[in-house]
Amino acid sequence: MGAEGCVVTGSIGLSRGGKSADRYRRIYAVVARIPRGRVATYGQVARLAGLGGHARLVGYALSALKDGSRIPWHRVVNAKGRISLRGDRSPANVVQRLRLERESVRFEVSGIISLERFRWRPR
DNA sequence: CCACTGACGAGTG
DNA sequence: GCACTCGCCAGTG
């Protein structure tokens with residue numbers, strides 16, 4: 001799908017000065033480009049968005065997404081290849097795993113994804 | 001303005 | 001591989 005043209009409508013309540021809002025927009029734009037069946041890490045997304053070193057912002061930005069947004073947030077995992085949402089106590093955790101498995105992304109017994117195999121490598 | 005929290009990551013022992 | 005620390009940014013009380 002042409003994710004590049006996907007406009008982000010998910011405002012987070014930041015109406016002032018646009019610095020922060022612009023960062024969020026970049027983050028969403030990158031996540032929207034992750035192809036089906038692939039995953040990217042928070043740090044990777046931050047780096048691709050020109051925000052190297054701010055992986056935490058990516059997680060913060062994704063947490064602000066609403067249900068129904070077109071952003072494939074489930075394709076973002078941590079550096080260990082593990083799903084981590086609010087200390088593993090959120091139902092969204094299960095949703096993420098199910099969505100990924102449905103895209104053929106396999107989980108190992110330890111509950112992690114082999115980044116060697118499924119990491120998105122944009123060219 | 002300060003303290004605390006939160007979908008993280010890299011470094012250290 | 002695990003536990004702990006520090007750095008970074010944004011939002012809330």
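Every heavy atom of this structure was used, including side-chain atoms; hydrogens, water molecules and symmetry mates were not. Per chain, numbering begins at 1; letters A, B, ... match sequence-line order.
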Here the distance between atom P of dA10(C) and atom CG of Asp22(A), to the nearest Å, is 11 Å
Between atom CD1 in Ile112(A) and atom C1' in dG1(C), what is the gap in whole Å? 11 Å
Which nucleotide wins on minimum distance to the side chain of His54(A), given the candidates dA7(B), dC9(C), dA10(C)? dC9(C)
Between P of dA10(C) and CD1 of Ile27(A), the distance in whole Å: 9 Å
Separation of Leu57(A) atom CG from dG7(C) atom C1', in whole Å? 12 Å
Is it the case that the side chain of Gln96(A) and the backbone of His74(A) share a donor-acceptor pair, with hydrogens and angles ignored and the cut-off at 3.5 Å? yes
Please state how far atom CZ in Arg23(A) lies from atom P in dG11(C), giving the value in whole angstrom units. 11 Å
Whole angstrom value for the distance that separates C1' of dC9(C) from CZ of Arg47(A): 19 Å
Quick one: which protein N/O atoms are closer than 3.5 Å to N/O atoms of nucleotides 9-13 of chain B? Pair and distance per line, please.
from, atom 1, to, atom 2, distance (Å)
dG9(B), OP1, Ala79(A), N, 2.9
dG9(B), OP2, Ala79(A), N, 2.8

Heavy atoms of other groups near Glu116(A) CD, more than 12 under 6.0 Å: no
Pairs of donor and acceptor atoms involving the side chains of residues 45-53 of chain A, under 3.5 Å and at least two apart or interchain, shall be tabulated with distances.
none

Considering only heavy atoms from C-beta outward, does the side chain of Glu108(A) approach that of Ser114(A) to under 4.5 Å? yes
If the condition is side-chain hydrogen bond (donor to acceptor under 3.5 Å, both in side chains), which residues does Glu101(A) pass it with, not counting sequence neighbours? Arg97(A)
Between Val30(A) and Trp120(A), does a side-chain contact (heavy atoms from CB on, under 4.5 Å) hold up when you go through it step by step? CA-CA 11 Å; Val30(A) 172; Trp120(A) 173 43; 4.2 Å; yes
Expressed in angstrom and rounded to an integer, what is the separation of Gln96(A) atom CD from dC8(B) atom P? 11 Å
What is the distance from CZ of Arg82(A) to P of dG1(C), rounded to the nearest Å? 12 Å
